[in-house]
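Before I ask anything, let me first share the structure, which is written out below as structure tokens.
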Amino acid sequence: MKKLFGTDGVRGVANVYPMTAEMAMQIGRAAAYIFKNGKKRHRIVIGKDTRLSGYMLESALMAGICSMGVDVLLVGPLPTPGIANITSSMRADAGVVISASHNPFEDNGIKFFSRDGFKLPDETELMMEELIFSKRIDSLRPTAKEVGKAYRIDDAQGRFVVFLKSTFPKDLDLSGLKIVLDCANGAAYKVAPAVFEELGAEVISIGVKPNGTNINADCGSLHPEVMSQAVKENGADLGIALDGDADRVIFVDEYGNVVDGDRIMAICATEMLRQGTLKQNTLVATVMSNMGLDIAMKRAGGQVIKTAVGDRYVVEEMLKGGYNLGGEQSGHMIFLDHNTTGDGVLSALQVLAIMQRHQKRLSELALVMDPLPQVLVNVRLGEKSDIMKVPEIAKMINDVEEKLKGEGRVLIRYSGTEPLLRIMLEGSDEGDIRCWANDIASIVAQKLGGEARG
């Protein structure tokens, strides 16, 4: 069992264990030790989002890495996929992202990319934890010329803008499109507007004035209603909302209706099937994806393979099976032909290319998938426990599964980034599944001392 790392790195309230400056320095030292091999000068990229605590953690990580004789390349605020891209393109030994993604500003996190731009496997994270808690490397202290140095990469944002534009078809542009773009006051507040504007779109930008405390606050992919209202007020063609580190994206169509990650995957996967570019005619999704996605893919001549929740597991399955498209309902999309991790701006460009190629509105394209009603209820718990060992909870879950009779499903899992138990139901009648989801949440909260949140 891992002590620090969850499904997406180390995460928690900034300046509270484990997200302290002291732990960040230890993480930096352990990472430097692992990625240092041979006698050459080694380099690790550090990037961050716009959280106030990013300065503190950046300095601590930098100190830890340099103290082990590894140089640091500082890129400042940059989307998570941008840091993966810069790490790979600059042939650095690893990349570090300081971000808590969609969490509120008081949280922060640390996650890593290997030199090829992919997230670290569990084994490497466990190795890092062992080095930290065993104190095995405490005595390793390079001196004199062997101490690391930090450099600032001033043109990192410009490099990433150029890369993103290169993923858009050369024979197309975005002229004639009016786009509402919500950057969540996060890491893409400069990069994303520049990309869409330089490709010819009229961009109405919101969430582009970060102050250190307003990241994800009533904006971005967690609050698509803000962009939806702006689309309707401005008569825009669509809305695009990113989260704090811009590795996920949520859309609204020209009517202000949300188009989630499942529909976007269906749009992109069926288009790639038509073009013959979807490897093995397979899309990789997670167990949270709607059954309607499976139906749409089967109808188009493809299939869906599902993994555990977390874009890292999607990528692992894609690499193992040789697939090139995967993603999550939450808006993470991975186009392995272009980048190594979820990328909100890149994903938006692929959708916009389909719109422009076929001269269709997003609402028309979204008809490719007809989702089953799906309800998600969260229960905030103090600690994780096996709920199926509580007889009353197990009985209620079994009773609900019997009522669904194979025409829906119950999925219950713990969040990897928050102290939440997620209860998801799918079925043909939304009223029924909402009632049953709330019933399960209530008895879980009652028996385990939690708080249900619809």
Side-chain angles (χ1 to χ4, degrees), residues 4-5 9-12 14-37 40-80 82-101 105 107-115 117 119-120 124-125 128-129 131-132 135 137-157 159-160 187 210 212 215 244-245:
L4 290 175
F5 288 87
V10 185
R11 192 175 295 189
N15 224 19
V16 175
Y17 182 87
M19 288 312 303
T20 61
E22 293 85 352
M23 180 55 72
M25 182 178 290
Q26 291 301 314
I27 291 171
R29 285 178 55 78
Y33 178 82
I34 287 172
F35 292 110
K36 188 176 180 181
N37 53 74
K40 66 168 186 141
R41 294 293 293 189
H42 293 78
R43 304 179 302 165
I44 293 179
V45 174
I46 298 180
K48 59 184 180 179
D49 63 23
T50 56
R51 292 165 208 268
L52 182 63
S53 57
Y55 296 96
M56 170 185 74
L57 296 171
E58 179 185 55
S59 298
L61 270 169
M62 178 175 63
I65 293 168
C66 289
S67 75
M68 292 297 286
V70 174
D71 294 340
V72 170
L73 304 177
L74 297 169
V75 300
L78 194 70
T80 286
I83 296 160
N85 177 261
I86 293 289
T87 298
S88 176
S89 67
M90 293 196 68
R91 310 303 193 269
D93 295 282
V96 192
V97 182
I98 303 169
S99 173
S101 188
F105 92 93
D107 292 350
N108 218 326
I110 297 171
K111 52 189 171 185
F112 287 85
F113 290 104
S114 60
R115 65 178 302 138
K119 290 183 178 178
L120 302 184
T124 305
E125 292 179 343
M128 210 176 294
E129 290 188 359
L131 289 170
I132 292 169
K135 302 183 184 297
I137 59 174
D138 280 7
S139 60
L140 297 180
R141 304 282 176 177
T143 59
K145 293 182 180 180
E146 298 302 312
V147 173
K149 181 179 179 180
Y151 303 82
R152 188 161 295 280
I153 308 300
D154 294 322
D155 63 346
Q157 292 183 343
R159 292 182 189 213
F160 193 46
I215 187 171
D245 68 336

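Basis for what follows: all heavy atoms, side chains included, without hydrogens, waters or symmetry-related copies.
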Check your understanding: Is there a side-chain contact (heavy atoms from CB on, under 4.5 Å) between His42 and Ile44 once you walk through the steps?
Key -> CA-CA 7 Å; His42 293 78; Ile44 293 179; over 6 Å; no
**Study point:** Partners passing salt bridge (charged side-chain N to carboxylate O under 4.0 Å, His left out) against Glu125 (at least two apart in sequence or in another chain)
**Key:** Lys2, Arg312
**Study point:** Option from Val96, Ile46, Leu78 for which side-chain contact (heavy atoms from CB on, under 4.5 Å) with Ile83 holds
**Key:** Leu78
Check your understanding: Which pair of non-hydrogen atoms, one from Ala150 and one from Leu74, has the smallest distance, and what is that distance?
Key -> CB-CD1, 4.5 Å
What donor-acceptor contacts under 3.5 angstrom involve side-chain atoms of residues 20-36, with partners at least two apart or in another chain?
from	atom 1	to	atom 2	distance (Å)
Thr20	OG1	Met23	N	3.1
Arg29	NH1	Ser67	OG	2.9
Arg29	NH2	Ile137	O	2.7
Arg29	NH2	Leu140	O	3.1
Lys36	NZ	Met68	O	3.1

Check your understanding: Are Asp71 and Lys149 ion-paired here, with the side-chain N under 4.0 Å from a carboxylate O?
Key -> no
Check your understanding: Mind checking whether Ile110 and Phe5 have side chains closer than 4.5 Å, heavy atoms only?
Key -> no
Exercise for review: Identify the heavy atoms of Arg91 and Ser89 that sit nearest to each other, and give their distance.
Suggested key: NH1-O, 2.9 Å
Practice item. Go through Thr80 and Phe113 one step at a time and tell me if the side-chain contact (heavy atoms from CB on, under 4.5 Å) criterion holds. Key: CA-CA 10 Å; Thr80 286; Phe113 290 104; 3.6 Å; yes
Which pairs of donor and acceptor atoms, one on a side chain in residues 52-63, lie under 3.5 Å apart (sequence neighbours left out)?
from	atom 1	to	atom 2	distance (Å)
Ser53	OG	Asn108	ND2	2.8
Glu58	OE1	Lys48	NZ	3.3
Ser59	OG	Tyr55	O	3.0

Check your understanding: Can you name the closest pair of heavy atoms from Ala92 and Val45 and give their distance?
Key -> CB-CG2, 3.8 Å
Exercise for review: Apply side-chain contact (heavy atoms from CB on, under 4.5 Å) to Asp245 and Lys111, showing your working.
Suggested key: CA-CA 12 Å; Asp245 68 336; Lys111 52 189 171 185; 3.0 Å; yes
Review point. Any donor-acceptor pair under 3.5 Å linking the side chain of Arg51 with the backbone of Ser99?
Key: no
Exercise for review: Give the intermediate values and the outcome of side-chain contact (heavy atoms from CB on, under 4.5 Å) for residues Met128 and Leu4.
Suggested key: CA-CA 9 Å; Met128 210 176 294; Leu4 290 175; over 6 Å; no
Practice item. Please examine the side chains of Arg11 and Met19, heavy atoms only from C-beta on, and report whether any two atoms are closer than 4.5 Å. Key: no
Point to revise | For Asp93, the option from Arg43, Arg41, Lys40 that meets salt bridge (Lys or Arg N to Asp or Glu O under 4.0 Å) | key: Lys40
Check your understanding: Which atom pair, heavy atoms only, marks the closest approach of Gly117 to Ser88?
Key ->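 Of all heavy-atom pairs spanning Gly117 and Ser88, the closest is N-CB, 4.4 Å.
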Point to revise | Which atom of Val147 lies closest to which atom of Cys66, heavy atoms considered | key: CG1-O, 3.7 Å
